[in-house]
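Keep in mind it's a predicted model, so treat the numbers as computed, not measured.
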Amino acid sequence: MTLELKLLAWSTALALFQMLIALLAAIAQVGFLPLVGNRENLPTIEGWAGRAQRAHRNMLESLTIFGALVLVAQVAGKSNAVTALGAQLFFWGRLAYAPVYVIGIPWLRTGLWGVSFVGLLQILSQLL
């Protein structure tokens, strides 16, 4: 398995972990019963729980793009040192991004998002 595919698997595991953290945070804030219902009139999830939820959603948005790029690079035989570096930038940027977002450090969060975005662009550059 290539490094890019390994990092895609690890990024998926990170998204699952973020989902669990966001769920546990929401349960802690609004309780279990409101979350198992239809979630109508659910109170706004705020603070670190809200940030965990937003970080998870942002990961899902980015993961779809990362997954598509990695898979296209693999199928097209375009996997190389640049795509491997791009995958590393994406994964490590996202790994650092998640706790920084939950803690609430805005400028650092944006910078780490930028690192992961540059990783996506690197992989894309090998496909165009």
Is there a path from [X] to [Y] through hydrophobic residues (I, L, V, M, F, W, Y) whose side chains come within less than 4.5 Å of each other?
X      : Y     : result
Leu60  : Phe66 : no
Leu128 : Leu85 : no
Trp10  : Met19 : no
Leu3   : Trp92 : yes
Ile27  : Leu33 : yes

Query raised in the report: Does Arg109 count as lying over the ring of Tyr101, i.e. NZ or CZ under 6.0 Å from the six-ring centre, within 45 degrees of the axis?
Result: yes
Exercise: identify the closest heavy-atom pair between [X] and [Y]:
X      : Y      : result
Leu127 : Ala73  : CD2-CA, 3.6 Å
Val82  : Ser125 : CG1-OG, 4.2 Å
Pro43  : Val30  : CG-CG1, 3.7 Å
Ala26  : Ala49  : N-CB, 4.3 Å
Leu89  : Val115 : O-CG1, 3.6 Å
Ile21  : Ala52  : CG2-CB, 4.3 Å

**Report entry** Donor-acceptor under 3.5 Å (Gln88 side chain, Ala84 main chain)
**Finding:** yes
Requested in this report: Determine yes or no for a side-chain-to-main-chain donor-acceptor pair under 3.5 angstrom, with Glu4 supplying the side chain and Ser79 the backbone.
Outcome: no
Query raised in the report: Do Gln74 and Thr2 have side-chain atoms, one donor and one acceptor, less than 3.5 Å apart?
Result: yes
**Report entry** Donor-acceptor pair between Arg94 and Ser11 side chains, under 3.5 angstrom
**Finding:** no
Query raised in the report: For Leu69 and Thr83, what are the C-alpha separation, side-chain angles and deciding distance, and is it a side chain to side chain contact (heavy atoms under 4.5 Å, CB included)?
Result: CA-CA 9 Å; Leu69 290 172; Thr83 60; over 6 Å; no
What is the distance from atom [atom1] of [X] to atom [atom2] of [Y], rounded to the nearest 0.5 Å?
X      : Y      : atom1 : atom2 : result
Trp48  : Ile103 : CH2   : CD1   : 11.0 Å
Arg51  : Asn58  : CZ    : CG    : 14.5 Å
Leu63  : Thr12  : CG    : OG1   : 4.5 Å
Arg57  : Ser62  : CZ    : OG    : 13.0 Å
Ile65  : Ile123 : CD1   : CD1   : 11.0 Å
Leu108 : Trp113 : CG    : CH2   : 14.5 Å

Query raised in the report: So Phe90 and Leu7, side chain to side chain contact (heavy atoms under 4.5 Å, CB included) or not? Walk me through it.
Result: CA-CA 9 Å; Phe90 177 83; Leu7 290 171; over 6 Å; no
